[in-house]
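Everything below concerns the one structure shown next.
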Amino acid sequence: MLTQYVPEYRMDAARYPAAAAHLWMVQSKSGVKGLGTVAEPMHYRPDADNGRVDSTWTKKKIRARVCGYYGGSRTDGYVPTKGFVPHPKTFLHPEFRPQVPLPNPDKVNCDEVPFASAYETVGLPATDDGLNPAGKAGGGECIQTVAAKADDGSEHLLDDTRYDAPAFTEKCGRSSMSGYVNQGAMNKYGNEFLPQMRVIAGDAFAVDPGRLWFKDCDTGAATLVCEMKKP
């Protein structure tokens, strides 16, 4: 095994810009380890559903903890009273033709970073080898965004103001997003990328959301305003 080699999955930023923007934002602004860059990769965790992991923590259970759970000690702000709530302004794509079979019609998904298939997921407790220090709280303290439709018909990744404003010290991200976009952006991850790269449990992997699309964005600004531009 080449322990120094980190294979990188590449998102199609042109086809799935909202998913690309969400991952890029969390990778670029949070500063937390294990968010999927080559320098700070995630580590693959097979799904316990198929018996490849000695654990009761299936991806379904992990996602439920990230997107519908809060177990932290905070009592200020909105966070303790809210799990993930689909945003009414989420940009759905009923005309979209995904490359893999998905539920019809399109519906809102909770797009989470780090992935449920990584040991860095906030949904996996440290007692079950979780590597994210926010694992006790589930997804309640993630950066909260929404992929919304503007009046001119364009799509924007925006702060979800129903939650606390981002401090950019959060250890995860949750976004209210089209299911077609969320799932389509990773449609080649399980069927092509993992087997072709021979990724096994514990292996490091990275995800490129299309970083060249964001090369003109100022990640040092207190308020992140960024326009994706085709390289």
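Numbers here are sequence positions counted from 1. Scope of the values below: all heavy atoms of this structure, side chains included, with no hydrogens, waters or symmetry mates. Source: prediction; values computed, not measured.
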Going from OG on Ser28 to CG on Leu23, what distance comes out if it is rounded to the nearest 0.5 angstrom? 8.5 Å
For a quick test of reading the model, state the closest non-hydrogen atom pair linking Ala20 to Met228 and the distance between them. CB-CE, 4.5 Å
List in chain and number order the residues that pass side-chain hydrogen bond (donor to acceptor under 3.5 Å, both in side chains) with Thr90, two or more places apart in sequence or in another chain; answer none if no residue qualifies. Ser176
CG/Asn187 to CE/Met11 distance, rounded to the nearest 0.5 angstrom? 10.5 Å
Close side-chain approach of Val207 to Phe115, heavy-atom, < 4.5 Å: yes
Minimal heavy-atom distance between Cys142 and Val122, with the atoms involved, is SG-CG1, 4.5 Å
When you group the ILVMFWY residues by side-chain heavy-atom contacts below 4.5 Å and let the links chain together, are Met42 and Tyr189 in the same group? yes
Spatial distance of atom CD (Gln144) from atom CG (Leu158) [nearest 0.5 Å]: 14.0 Å
Check: Gln27 side chain, Met25 main-chain N or O, donor-acceptor pair, under 3.5 Å: no
What's the verdict on side-chain contact (heavy atoms from CB on, under 4.5 Å) for Glu112 and Cys172, showing C-alpha distance, side-chain angles and the deciding distance? CA-CA 7 Å; Glu112 81 272 20; Cys172 53; over 6 Å; no
Trace of the side-chain contact (heavy atoms from CB on, under 4.5 Å) decision for Leu157 with Ser175: CA-CA 9 Å; Leu157 188 73; Ser175 188; 3.5 Å; yes
Which residues pass the salt bridge (Lys or Arg N to Asp or Glu O under 4.0 Å) test with Glu192, not counting sequence neighbours? none
So do Thr121 and Asn132 actually touch side chain to side chain, heavy atoms under 4.5 Å? no
For Ala150, side chain to side chain contact (heavy atoms under 4.5 Å, CB included) partners two or more places apart: Asp152, Ser154, His156
Quick note, disulfide bond (SG atoms under 2.5 Å apart) partners involving residues 183-231, not counting sequence neighbours, are Cys217-Cys226
Using side chain to side chain contact (heavy atoms under 4.5 Å, CB included) as the criterion, list what pairs up with Asp159, not counting sequence neighbours. Thr161, Pro166
If you take all heavy atoms of Leu35 and Pro114, which pair is closest and at what distance? CD2-CG, 3.3 Å
Quick one, Tyr9 with Met186, criterion side-chain contact (heavy atoms from CB on, under 4.5 Å). Give me CA distance, side-chain angles, the key distance, then yes/no. CA-CA 9 Å; Tyr9 178 86; Met186 298 300 294; 3.6 Å; yes
Please list all pairs passing the salt bridge (charged side-chain N to carboxylate O under 4.0 Å, His left out) test where one or both residues lie in residues 205-215, with sequence neighbours left out. Glu8-Arg211, Asp208-Arg211
Closest contact, heavy atoms only, Gly153 versus Phe91: O-CE1, 3.7 Å
Please examine the side chains of Pro125 and Trp57, heavy atoms only from C-beta on, and report whether any two atoms are closer than 4.5 Å. yes
Asn109: side-chain hydrogen bond (donor to acceptor under 3.5 Å, both in side chains) partners, not counting sequence neighbours: Asn182, Gln183
Restricting to non-hydrogen atoms, name the atom on Ala13 and the atom on Pro209 that form the minimum distance, rounded to 0.1 Å. CB-O, 3.4 Å
How long is the straight-line distance from OH of Tyr119 back to CG of Leu131, given to the nearest 0.5 Å? 8.5 Å
With sequence neighbours left out, the residues meeting salt bridge (Lys or Arg N to Asp or Glu O under 4.0 Å) with Glu120 are none
If you define the side chain from C-beta out and look only at heavy atoms, does anything of His93 sit under 4.5 Å from Val181? yes
Taking only residues at least two apart or on different chains, which pairs with a member in residues 212-231 satisfy ring-ring contact (aromatic ring centres under 6.0 Å, His included)? Trp24-Phe214
Please walk me through it: do Phe84 and Arg63 pass side-chain contact (heavy atoms from CB on, under 4.5 Å)? CA-CA 11 Å; Phe84 172 78; Arg63 288 194 178 104; over 6 Å; no
With sequence neighbours excluded, tell me which residues meet ring-ring contact (aromatic ring centres under 6.0 Å, His included) with Tyr44. none
Quick check: does any side chain N or O of Lys89 sit under 3.5 Å from a backbone N or O of Lys149, one acting as donor and the other as acceptor? no
ILVMFWY cluster, Phe168 and Val26 together (side-chain gap under 4.5 Å): yes
Heavy-atom pair with the smallest gap, counting every atom of Glu155 and Ala18: OE2-CB, 3.7 Å
Could you state the interatomic distance from OG (Ser117) to CG (Leu124), rounded to the nearest 0.5 Å? 11.5 Å
Working to the nearest 0.5 angstrom, can you tell me the gap between Arg174 CZ and Ile143 CD1? 12.0 Å
Partner residues of Thr127 under the side-chain hydrogen bond (donor to acceptor under 3.5 Å, both in side chains) criterion, sequence neighbours left out: none
Treating Ile, Leu, Val, Met, Phe, Trp and Tyr as nodes and any side-chain heavy-atom pair under 4.5 angstrom as an edge, say whether Val38 and Leu212 lie in one connected cluster. no
With sequence neighbours excluded, what pairs up with Ser55 under the side-chain hydrogen bond (donor to acceptor under 3.5 Å, both in side chains) test? Arg45, Asp128
